[in-house]
Engineer: 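The structure follows.
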Amino acid sequence: MFHIFKKAAQTHLVTIGYPHAPAQISESFRGAPSFDFPSWRDARPAADACPTGAIRIEESAGRRRVTMDYGLCIYCGQCSEADGTSAVKITRNFELGVRERSELIVTAEYPLEQDGSQGKLAGLNSGHASEGETKEHLERSVHSRIQQVLGRSLAIREVDAGSCNGCEMEIGALNSPVYDLERLGIHFVASPRHADMLLVTGPVTRNMELALLKTYRATPEPKMVVAVGACGISGGIFGLNYATIGGVDAVIPVDVFIPGCPPRPHALLHGILLALGRMEQRAI
Amino acid sequence: MTQSAVHIFDQIRDLCGVALDRWHEANEAEVRADAALSDVRRMVASLIENGCRLASVFAEDRTAVTEDFLIYYVFDHPDDERFLVVRTVVPSHMPAFPSVAAEVPAVNWQEREIQDWFGLVADGHPNPRRVALHDNWPDVHPLRKDFPSDTVLPPFEGEQHVYRPTLGEGVFQIPVGPVHAGIIEPGHFNFAVAGEPILYLQLRMFYTHKGIEKRFEQLPVNRAVYLAESVSGDSSFSHGTAFCQAIERAAGIEIPVRAKRMRTVLLELERLYNHVGDIGAIVNDVGFGVANAHAMRLREYLLAVNEELTGSRLLRGIVCPGGLRHDWNDQQTQRCRESLRGFEQDFADMMQIIDSSDSTRDRLEHTGILHPEKARDLGVVGVGGRASGVDRDLRRDHPYAAYDEVLFTVPVYQEGDVLRRLRVRVDEIGQSLGIIRQILTVLEPGLHLIAVPPLPPDCVALGAVEGWRGEILHWIRTGAHGRLDRCKIKDPSLSNWPALVEAVQGNIVPDFPVINKSFNLSYSGTDR
């Protein structure tokens, strides 16, 4: 007992200030890539290097359309390395949670030059819902009602629907004294019947499809679903094959998507609080 | 330090009494030979009698080239630094091979995988039911080459798995999972209990089967590294390294000394953060929350070190064929050294808290015993094996990276209970810190990466890493255009799950979580 008290006295406060204070994150952290679409001359090296096909190129009639899907991105940084110009940069941005899958997809259009490079940016669809749409979405969805019903307390059931366990490592860390989820009135529960929210990782495998559906049905209304990680959003590096059916929204409706591979605990906090309407969605 | 390389396989070959053709040393890590299909049982029996261990059995579809399937048997021996890979041919018109699972229980699941994925029948298998594809799946064999990789199967309508019934008065069954109470991976446990004690446990895995081995055949090698990292998220760097080792062998290159040393540091960092987390989780499962809070704090501390060195808390995106993607500057290595010095004292304090609790020791000692004999029969590897007298560690027995230039010991216990599995981890943390310290002392400037020449097609190679859980094997065959024709992965969890079944017998249900945690196996690594 003496050792316990001695160590407790020696150990200073370890809990982070986030989300009330800015996150303290290592300079080395690889977050979301950012693209300077107007100055991007050639997307091919980055698209070739991308392990999950998050950067995709379509060409027709002298035009090139470049699509960047943050829901497939695993934040490896290969695109920036392969591109080698200042048009693709790795940032330390981690607050990437969104309410709509489409908001993770950015599309840029260019005329093609003779040498295969891109001309002047002809169109950019950032995928972001406009302010009006976001408001409409909030009204349309049950979020405001859920917030009323659940107040400031939330019970989460975590469901691994096929993940590599990387996401579970980071979700588990939320229970540590460092992130201390319970200080925010949020805790993990053992059964979907006790839960307000399902926090689901993927890719959803054929062998977990039924279990996920049953877990969803066992969760009482009102309920929310948060899809975690590139695989939970899109199937990620595993893609679609005989054994997987891709993202969580292929099986059950999803309220918030949290990109990352895996998303760091701060990103998980942001996404969970975004679902509760206690944090704002950020521009990617 | 490694002993002088003893080549005992060459002696065993003569004692074996079975014709092993085309015997040759393919590289410094591998001896290859061919055996006739009819000789397989005798070959396996005699090699095991001579002290070999059958580490893995897997198949390959070569029907496009030779109209045959190939089955590979990977052996190792305590007195040889190489692996022995014996190959046998299964003609496609007679798709069956002799099962050795009755004699070598370690390959029970692996042979059934071959049945499920390739449609080759394991003749004489004691339990030939499906394992990797669940019972409700249609009759498909996805790892065959004539099975298109973009196949989407219709909804499954087959029968669900039927568990063996439990008979007897007062005996009942407790089904648990696949969705569990904690933040863990999915699997189904069916306990047969009489009152509190567990009579036996039936396991149903492969809920997270995501077709990884097939997926490898679709991706270019540089992208496939990321897939290797995602075989088991908590072993990203070990799996990535095993895969890169196989690629480097196929390409015939040797990575620079600095890259080898940096890999060694990162492999040990992976061991450190996982072992610390496990120690906390084990004591937490017997109600010692304070100690677990310290363990989680320390784990977080180590994840910050990981991020500082690699940009990723789980050590992702740093290993690549040819070395490592990024070098470290002096400031980074200096900070790593200082951080680990701080960790060492902090960890010692935590262990003092744990060790001074008699009630914790009381719950852990004699709980979940895996007898050394069973551990050997089941081919248990890694932490679970070393706590039950299996004195094996690839770092010492098949040195790779820079393990041949550091001094360390391999902790081994005989008792095989939860306490010893915890102690193995504690001892290994001390050894890991020593290894990192030694490496950082000799880490000289140099290349961290060399270019990998285009991969020649039709080359096979093996990569082996002692991950924090145990032995990780990646076996590849290169294909055309820099892609892979086959990638076989063996995670240590695959051979250790049956050990859990043995270890829980006779224990009470409330002790199951702590026994399970003391093995801490990867569901994803098993299921792939």
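Lettering follows sequence order; numbering is per chain, from 1.
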Engineer: Chain B heavy atoms under 4.5 Å from A:Arg157: which part of the residue, side chain, backbone, both or neither?
Structural biologist: side chain
Engineer: Using non-hydrogen atoms and a 4.5 Å limit, figure out which bit of A:Glu81 sits close to chain B: side chain, backbone, both or neither.
Structural biologist: side chain
Engineer: In sequence, state the C-alpha distance, the side-chain angles, and the governing distance for A:Met169 and B:Arg313, and then conclude on side-chain contact (heavy atoms from CB on, under 4.5 Å).
Structural biologist: CA-CA 10 Å; A:Met169 302 289 282; B:Arg313 288 157 52 88; over 6 Å; no
Engineer: Does any heavy atom of chain A fall under 4.5 Å from the side chain of B:Arg215, the backbone, both, or neither of them?
Structural biologist: side chain
Engineer: Are A:Thr11 and B:Arg297 packed together at the side-chain level, in the sense that at least one heavy-atom pair is separated by less than 4.5 angstrom?
Structural biologist: yes
Engineer: Using a 3.5 Å distance criterion without hydrogens, assess whether the side chain of A:Arg30 forms a donor-acceptor pair with backbone atoms of B:Thr310.
Structural biologist: yes
Engineer: Check whether B:Pro138 gets within reach of chain A through its side chain, its backbone, both or neither, counting any heavy atom under 4.5 Å.
Structural biologist: neither
Engineer: Could you look at B:Asn284 and say if it's the side chain, the backbone, both or neither that has a heavy atom under 4.5 Å from chain A?
Structural biologist: neither
Engineer: Give a yes or no on whether the ring-centroid distance for B:His141 and A:Tyr242 is below 6.0 angstrom.
Structural biologist: no
Engineer: Non-hydrogen atoms of chain B under 4.5 Å away: do they reach the side chain of A:Leu210, the backbone, both or neither?
Structural biologist: side chain
Engineer: Which region of B:Ser230, side chain (C-beta onward) or backbone (N, CA, C, O), has a non-hydrogen atom less than 4.5 Å from a non-hydrogen atom of chain A, or is it both or neither?
Structural biologist: both
Engineer: Taking side chain as everything from C-beta outward and backbone as N, CA, C, O, which of these in B:Leu314 sits under 4.5 Å from a heavy atom of chain A? Side chain, backbone, both or neither.
Structural biologist: side chain
Engineer: Counting only non-hydrogen atoms closer than 4.5 Å, does B:Glu300 touch chain A with its backbone (N, CA, C, O), its side chain (CB onward), both, or neither?
Structural biologist: side chain
Engineer: Non-hydrogen atoms of chain B under 4.5 Å away: do they reach the side chain of A:Val189, the backbone, both or neither?
Structural biologist: backbone
Engineer: For A:Pro192, which atoms come within 4.5 Å of any heavy atom of chain B: side chain, backbone, both, or neither?
Structural biologist: neither
Engineer: Mind checking the NZ-OG1 spacing from B:Lys210 to A:Thr244? Nearest 0.5 Å is all I need.
Structural biologist: 9.5 Å
Engineer: Check each atom of B:Phe288 against the heavy atoms of chain A and say whether the ones under 4.5 Å are side chain, backbone, both or neither.
Structural biologist: side chain
Engineer: Contact part of B:Asp346 toward chain A, heavy-atom cut-off under 4.5 Å: side chain, backbone, both or neither?
Structural biologist: both
Engineer: Between chain A and each of B:Tyr301, B:Phe147, B:Tyr207, count heavy-atom pairs under 4.5 Å; write down the option with the most.
Structural biologist: B:Tyr207
Engineer: At a heavy-atom separation under 4.5 Å, does A:Phe2 approach chain B through its side chain, its backbone, both, or neither?
Structural biologist: neither
Engineer: Checking B:Ala281 against chain A: side chain, backbone, both or neither under 4.5 Å from a heavy atom?
Structural biologist: neither
Engineer: Report which part of A:Glu209 has an atom under 4.5 Å of a heavy atom belonging to chain B: side chain, backbone, both, or neither.
Structural biologist: neither
